[in-house]
Amino acid sequence: MALAPAPALRGPNRTMLRGPSILLGASVAPAAVLAAALLSSLACCSLQEPGDPVVSGLSPYFGTKTRYEDANPGLLPDPEAPRRDPELLEGTCTPVQLVALIRHGTRYPTAKQIGKLRQLHGLLQARGPGGGRVGAVGGRDLGAALAGWPLWYADWMDGQLVEKGRQDMRQLALRLASLFPSLFSRENYGRLRLVTSSKHRCVDSGAAFLQGLWQHYHPGLPPPDVADMECGPPRVNDKLMRFFDHCEKFLTEVERNATALYHVEAFKTGPEMQSILKKVAATLQVPVSDLNADLIQVAFFTCSFDLAIKGVKSPWCDVFDIDDAKILEYLNDLKQYWKRGYGYTINSRSSCTLFQDIFQHLDKATEQKQRSQPISSPVILQFGHAETLLPLLSLMGYFKDKEPLTAYNYKEQMHRMFRSGHIVPYASNLIFMLYHCENAKTPKEEFQVQMLLNEKVLPFAHSQETVSLYEDLKDHYKDILQSCHTSKECELPKMNGTSDEL
Ligand SMILES: *[C@@H]1O[C@H](CO)[C@@H](O)[C@H](O)[C@H]1NC(C)=O
Ligand SMILES: *[C@@H]1O[C@H](CO)[C@@H](O)[C@H](O)[C@H]1NC(C)=O
């Protein structure tokens with residue numbers, strides 16, 4: 001495998017902004033920056049040749065741990081080149097405003113996941129050498145390979161954004177800026193509005209996105225510290241981006257309710273998971289009683305983490321085949337469905353404030369445009385979580401299957417629409433594009449809207465059309481816009497011991 005200093009020197013401008021050197025301030029001597037970039041590119045290439053991405057047959061089934069490029073394979077040849085959906089409006093329509101909801105980029109496992117992985121790793125190491133009979137599995141002992149495979153995740157990493165995650169954001173910024181040059185113009189830079197969840201991975205995602213934009217405006221210049229950028233650092237707003245933490249009804253009825261995820265728990269002990277458990281116990285040569293669905297799931301996720309974070313194909317991937325992966329994907333989707341999707345009404349209703357916030361921005365922009373005033377916020381970027389996007393998409397009626405996802409209909413749901421890996425991979429993004437269109441036939445001006453999910457036009461749930469008049473869209477969602485108020489939706493029914501005397 002080539003160590004490739006040559007490509008790094010060929011495009012120092014691009015390379016310089018790729019590695020961790022992006023964090024160095026402008027005061028650092030260019031030579032030092034270049035040296036750091038070379039080092040980081042060497043570090044990268046010892047694991048993965050650029051342009052030769054590591055793939056795993058299991059990748060399509062990683063659910064919320066899916067890499068953005070696995071959900072968008074068109075990006076692989078050049079992740080910085082815009083991918084223009086042919087359905088995107090142009091011609092007589094000009095973009096007025098872009099409101100984007102962006103999930104953070106690739107992240108480390110959480111401390112909880114790392115704890116379980118350590119437990120599993122310990123289990124394998126405790127088997128001792130020869131704990132497994134040599135030659136039991138196709139002539140090689142996978143359990144021993146896993147016991148010897150480094151456990152490179154530590155508690156401090158706890159869900160933080162990784163370098164690959166910063167790259168996800170920089171590349172997304174570059175693509176969006178090229179796709180909508182009038183909105184992301186240099187003049188508009190000071191008017192960008194960034195809002196973020198308080199979680200590190202989201203704040204850092206916002207900062208990396210800004211650095212990508214800087215790279216777009218000033219190719220070759222190291223970006224300043226985010227705090228010194230004209231538009232300032234992202235503003236934290238958890239009521240908007242983590243509405244689920246602020247919704248009492250959701251917390252009581254779902255989050256802290258031991259029986260709310262009944263189907264998830266039932267599936268964990270159901271026949272599909274039991275057969276995986278038995279198979280994995282045999283493969284790793286550990287007692288089946290030492291394993292459980294959570295440990296199996298963390299083994300599967302470790303394959304995804306090693307791939308997304310380290311760019312390596314890990315022996316953890318060899319534990320599973322495609323059929324196992326489909327079952328484990330369903331387990332992940334079941335949880336999202338009952339906790340963030342259609343499982344309970346409150347899951348989506350808790351996002352009403354965010355929905356209304358988006359339409360308030362669009363309303364304001366249409367008013368300003370009608371009065372020929374400058375648009376005060378042409379670009380609004382909101383950084384959150386899969387848990388921010390899924391409820392909003394559910395509120396809007398997307399990816400709704402006829403039958404609910406349950407512990408008992410895995411087979412019937414094989415072709416379900418609710419597949420989180422397609423909807424909310426790392427760096428997933430939902431964009432509301434507001435356009436102003438001159439209608440040649442009538443003197444009337446029109447505002448049109450398009451939605452994009454992961455840079456592809458998302459047909460409207462109500463019409464299946466790829467574009468809607470803004471007024472029609474508001475009309476379709478008028479009930480939510482007028483009568484869904486998070487404060488009311490999230491109120492718990494009064495628990496008053498004396499209420500039955502009323
Ligand atoms: C917990 O969830 C179950 C199943 O949805 C529901 O019947 C029950 O009322 C919930 N409990 C609380 C305290 O909301
Ligand atoms: C229940 O409601 C009654 C009547 O409104 C009120 O007087 C009482 O203080 C309430 N009790 C509790 C525990 O909230």
Side-chain angles (χ1 to χ4, degrees), residues 63-64 110 112-113 116 197 238-274 292-294 296-297 327-356 384-414 416-420 423-424 461 479-480 483-502:
T64 49
T110 59
K112 204 168 135 193
Q113 289 166 327
K116 283 184 198 159
S197 132
D238 277 347
K239 283 219 164 108
L240 208 54
M241 304 315 294
R242 294 180 61 82
F243 47 79
F244 42 90
D245 277 349
H246 297 265
C247 183
E248 269 315 314
K249 188 171 179 183
F250 170 77
L251 293 173
T252 306
E253 293 185 355
V254 184
E255 176 88 51
R256 300 180 191 135
N257 179 349
T259 54
L261 299 189
Y262 167 80
H263 286 284
V264 179
E265 296 309 316
F267 191 71
K268 282 182 185 173
T269 53
E272 291 88 358
M273 282 303 297
Q274 284 310 309
N292 59 46
D294 289 344
I296 297 290
Q297 196 174 28
I327 292 167
L328 289 162
E329 180 198 21
Y330 190 67
L331 176 60
N332 191 207
D333 285 349
L334 262 184
K335 181 171 168 201
Q336 300 302 328
Y337 182 87
W338 289 98
K339 214 170 160 182
R340 310 296 173 182
Y342 293 101
Y344 299 104
T345 312
I346 189 61
N347 297 351
S348 58
R349 299 297 278 187
S350 60
S351 74
C352 284
T353 303
L354 178 58
F355 183 77
Q356 290 174 353
H385 307 263
E387 295 84 348
T388 315
L389 281 157
L390 281 176
L392 189 83
L393 284 164
S394 302
L395 185 70
M396 296 185 72
Y398 285 107
F399 307 108
K400 184 169 190 176
D401 294 287
K402 285 204 184 73
E403 297 295 324
L405 276 62
T406 72
Y408 314 109
N409 62 6
Y410 166 68
K411 278 218 177 69
E412 289 78 5
Q413 293 288 6
M414 287 286 255
R416 66 190 175 277
M417 286 186 271
F418 196 86
R419 284 188 72 192
S420 54
I423 310 170
V424 285
D479 287 342
I480 302 176
S483 50
C484 183
H485 300 291
T486 300
S487 53
K488 206 176 79 208
E489 299 294 325
C490 290
E491 232 171 59
L492 279 169
K494 286 274 177 301
M495 291 290 210
N496 187 330
T498 60
S499 64
D500 46 13
E501 69 189 35
L502 292 176

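Nothing fancy with the numbering, it's 1 onward along the sequence. First listed ligand is number 1; within each ligand, the first listed atom is number 1.
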Next on the checklist: Distance under 4.0 Å to a non-hydrogen atom of Asn257: what atoms of ligand 1 satisfy this?
Outcome noted: 1 (C), 2 (O), 3 (C), 8 (C), 10 (C), 11 (N), 12 (C), 14 (O)
Checklist outcome for this item: Atoms of ligand 1 under 4.0 Å from any heavy atom of Thr259, numbered from 1 in the order shown, are 1 (C), 2 (O), 3 (C)
Next on the checklist: Taking a cutoff of less than 4.0 Å between a non-hydrogen atom of the residue and any ligand atom, is Tyr344 in contact with ligand 1?
Outcome noted: yes
Next on the checklist: Going by side chain to side chain donor-acceptor pair (under 3.5 Å), name the residues that satisfy it together with Glu489, two or more places apart in sequence or in a different chain.
Outcome noted: Arg349
Next on the checklist: Applying salt bridge (Lys or Arg N to Asp or Glu O under 4.0 Å) to Arg416 and Asp333, what does each step give before you reach the verdict?
Outcome noted: CA-CA 10 Å; Arg416 66 190 175 277; Asp333 285 349; 2.9 Å; yes
Checklist entry - Looking at Glu265 and Lys268, does any basic side-chain N land under 4.0 Å from a carboxylate oxygen? => result yes
Checklist entry - Which pairs with one or both residues in residues 242-255 pass side chain to side chain donor-acceptor pair (under 3.5 Å), sequence neighbours excluded? => result Arg242-Asp245, Arg242-His385, Glu255-Lys339
